[in-house]
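To start, the structure under review is shown below, and the notes come after it.
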Amino acid sequence: MKALAEENRLRLMRLLLGGTRSVNDLAEATGMSQYNVSKHLRILREAGLLAQEKQGQQRLYAVAPAIAEHLADNASVLDLGCCQFDFKKLAT
C-alpha cells in the first residue's frame, strides 16, 4: 500500500496497464523528469508491482504478471485487504 500511496505512482501504474513503456515514454506522458520517474518506478518494482526488462541501454517497465493477472480477474481492482485501488477509475 505504501508504494501506491503517492499520486504519481498511481499515474505510472495506470499508464503501464496499457502496456510496456520506457522511462522516457513515461516521463513524456506525465510531464515528470526522467529522474523522478525512475525513482517512482524503483519503488513500484521493489514492491513487486512492476517487472523490468533491459533492452540495450533502455529499461522497459510493465505491470508484474501476477498483478496484471489479478487485475484482469478482478475488474481492474487491486484488493490489499486493508484497502482497494480501482485502476479503471484513476485519472491520468
Side-chain angles (χ1 to χ4, degrees):
M1 180 173 136
K2 193 174 185 180
L4 292 173
E6 209 279 337
E7 182 180 337
N8 287 317
R9 291 194 282 269
L10 287 172
R11 289 174 60 205
L12 291 170
M13 282 292 292
R14 186 156 193 266
L15 287 168
L16 289 167
L17 285 171
T20 303
R21 296 180 80 160
S22 70
V23 173
N24 293 339
D25 291 340
L26 292 166
E28 186 176 312
T30 60
M32 295 179 354
S33 71
Q34 291 177 4
Y35 174 80
N36 282 334
V37 169
S38 293
K39 187 171 65 171
H40 289 304
L41 292 173
R42 180 183 51 79
I43 292 167
L44 292 168
R45 187 175 45 81
E46 289 175 355
L49 298 170
L50 296 183
Q52 173 187 301
E53 176 186 333
K54 191 171 180 180
Q55 276 189 352
Q57 296 292 325
Q58 204 171 45
R59 296 192 194 303
L60 300 177
Y61 292 86
V63 175
I67 300 298
E69 183 178 326
H70 176 84
L71 291 172
D73 292 344
N74 294 289
S76 296
V77 174
L78 179 61
D79 188 349
L80 301 177
C82 62
C83 55
Q84 293 182 346
F85 293 92
D86 188 344
F87 286 97
K88 66 181 178 264
K89 291 184 180 179
L90 297 174
T92 56

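Below, all heavy atoms of this structure are taken into account, side chains as well, without hydrogens, waters or symmetry copies.
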Across all chains, not counting sequence neighbours, the side-chain hydrogen bond (donor to acceptor under 3.5 Å, both in side chains) partners of E46 are R42
Quick check for you: to the nearest 0.5 Å, what is the distance between K39 atom NZ and N36 atom CG? 5.0 Å
Shared hydrophobic cluster for L16 and I43 (ILVMFWY, side-chain gaps under 4.5 Å): no
With rounding to the nearest 0.5 angstrom, report the CG to CG distance, L17 to L12. 11.0 Å
Note: A3 and L44 closest approach over all heavy atoms is O-CD2, 3.8 Å
Is there a side chain to side chain contact (heavy atoms under 4.5 Å, CB included) between N8 and R11 once you walk through the steps? CA-CA 5 Å; N8 287 317; R11 289 174 60 205; 3.1 Å; yes
Closest contact, heavy atoms only, G48 versus I67: O-CG1, 3.8 Å
Separation between CG (L41) and CZ (R21), nearest 0.5 Å, reads 11.0 Å
Here the pair of heavy atoms bringing L4 nearest to L10 is O-CG, 3.5 Å
Atom pairs and distances, side-chain donor-acceptor, residues 53-64, under 3.5 Å, sequence neighbours left out:
residue, atom, partner, partner atom, Å
E53, OE2, Q55, NE2, 3.4
Y61, OH, Q52, OE1, 3.0

Are H40 and L26 packed together at the side-chain level, in the sense that at least one heavy-atom pair is separated by less than 4.5 angstrom? no
